[in-house]
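So you know, we letter chains A, B, ... as the sequences are listed, proteins then strands, and number each from 1. Atom set for the values below is all heavy atoms of this structure, side chains included, hydrogens, waters and symmetry mates excluded.
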Amino acid sequence: MPRNFYTRPTLVVAKDLLGKFIVRKWRGRDIVGEIVEVEAYIGPHDKASHAYKGKITPRNKAEYLIGGHIYIYLVYGMYWQFNISTSFEGKPECVLIRALEPINEKVGNPPDVGEFHKTFCHSALDAESRRKKINLDSRLCGNDIKRLYRRFHVVPNGPGKLCNYLKIDKSFYGEDMVKSGKIWLEDRGLKVKKSEIIATKRIGIDYAQEWVRVPWRFCLKNNKFVSKK
DNA sequence: GTACAGATTGAG
DNA sequence: TCAATCTGTACT
């Protein structure tokens, strides 16, 4: 999608993201998902926004970039949250991508665990072991394999799991989706009617007082990949 | 230097 | 309902 898709008003962009396709180039293949759930965060007035009162820190400064840039951060010490900036340079507005309908993965029919282990675990374990400075062999037990299996073969029906599915992390901070060769957005001609969009309050922002109630979470009606229910 | 909460998740 | 897990931020 071009720049002028992302620079429109944030609530318009948020709704229009539903039915668009995220394409992620990874290890020579395309990981693709249709966006089915999003949330808008509109600073500086929105108390749920990290840019409330115009706050700027090294963590949130990507929110202020012109529409189309990635704002990604870690929550609860372990989950990445994938946001796309909207509006113009200096306006801290963005859309959190909360769920995808996977396109090129066989959902419900994951690869054989043994096959998965051969394909993915060794490199993943290498990286993890290096990070934690622990002996590689000591980690080759059932629970570790299961844990990695969950991380690598995941249904992206929540904001944290979606980042695992797309294989993205902090290295994508500030990435421009209009120009990137690693991740971008496509319109594949799917039409989403207004009547197919549900608006609800946003999830997990109970601290945001009167901003808890604004209906800035948008989901595709009856889509089974939407988080919560 | 140190305390603490958080746009989540899966297990029990 | 609970705990895993760790970074950014706001304090002292």
ask   = Can you tell me how far P in B:dA7 sits from the matching atom in C:dA10, rounded to whole Å?
value = 14 Å
key: Length of the CG-P vector between A:Asn60 and C:dT7, whole Å   = 17 Å
note = With both pairing distances under 3.5 angstrom for Watson-Crick or G-U wobble, and | for a partner in another strand, the correct string for DNA chain B is ||||||.||||.
key: Test side-chain contact (heavy atoms from CB on, under 4.5 Å) applied to A:Ile198 and A:Thr200, step by step   = CA-CA 7 Å; A:Ile198 306 247; A:Thr200 77; 3.9 Å; yes
request  = Scan residues 67-82 of chain A against DNA chain C and write down, sorted by residue number, each residue with any heavy atom closer than 4.0 Å; if none is found, say none.
outcome  = A:Leu74, A:Tyr76, A:Gly77, A:Met78
request  = Write down the distance between CH2 (A:Trp211) and P (B:dA7), rounded to a whole number of angstrom.
outcome  = 16 Å
task = Using atom OH of A:Tyr41 as one end and atom P of B:dG6 as the other, report the distance to the nearest whole Å.
result = 13 Å
query = NA contact type, A:Arg202, heavy-atom cut-off 4.0 Å: base, sugar-phosphate, or nothing?
reply = nothing
ask   = For A:Lys201, does the NZ atom sit with more than 12 other heavy atoms under 6.0 Å from it, leaving out its own atoms?
value = no
inquiry  = Assess the residue pair A:Glu39 and A:Trp216 against the criterion (side-chain contact (heavy atoms from CB on, under 4.5 Å)); give the C-alpha distance rounded to whole Å, side-chain angles, the decisive distance to 0.1 Å, and a yes or no.
reply    = CA-CA 6 Å; A:Glu39 280 176 3; A:Trp216 288 355; 6.0 Å; no
task = With the side chain counted from C-beta on, respond yes when A:Val178 and A:Leu185 share a heavy-atom pair under 4.5 Å apart, and no when they do not.
result = no
query = Does A:Glu93 have any side-chain hydrogen bond (donor to acceptor under 3.5 Å, both in side chains) partners at least two apart in sequence or in another chain, and if so, which?
reply = A:Thr10
message = From NZ of A:Lys228 over to C1' of B:dA7, roughly how many Å is that when rounded to an integer?
response = 11 Å
Below 4.0 Å: OP1/OP2 of B:dT8 and any side-chain N or O of A:Arg98 = yes
key: Contacts of A:Tyr73 that satisfy ring pair (Phe, Tyr, Trp, His ring centres under 6.0 Å) - sequence neighbours left out   = A:His50, A:Tyr71
key: Heavy-atom check, side chain of A:Asn83 versus side chain of A:Ile72, under 4.5 Å   = no
query = With distance as the sole criterion, is a donor-acceptor pair present between the side chains of A:Glu186 and A:Trp184 under 3.5 Å?
reply = yes
Closest non-hydrogen atom pair, A:Ser85 against A:Cys94 = CA-CB, 4.0 Å
query = Could you give the OH-to-P distance, from A:Tyr52 to B:dA7, as a whole number of Å?
reply = 15 Å
request  = Rounded to whole angstrom, note down the P distance from C:dT12 over to B:dA5.
outcome  = 15 Å
query = Under 4.0 Å between a side-chain N/O of A:Lys170 and OP1 or OP2 of C:dG8, yes or no?
reply = yes
query = With sequence neighbours left out, which residue pairs that include part of residues 57-67 of chain A fulfil the salt bridge (Lys or Arg N to Asp or Glu O under 4.0 Å) condition?
reply = none
Any N/O pairs under 3.5 Å between the protein and nucleotides 10-12 of chain C? List them or say none.
none

request  = For a side-chain contact (heavy atoms from CB on, under 4.5 Å) with A:Arg98, tell me which candidate from A:Lys161, A:Gln81, A:Arg217 qualifies.
outcome  = A:Arg217
remark   = Shortest non-hydrogen pair, A:Glu34 vs A:Phe21, comes out as CB-CE2, 3.7 Å
request  = In whole angstrom, give the distance that lies between atom CZ of A:Arg59 and atom C1' of C:dC6.
outcome  = 11 Å
request  = Would you mind reading off the distance between A:Asp206 atom CG and B:dG6 atom P, rounded to a whole angstrom?
outcome  = 9 Å
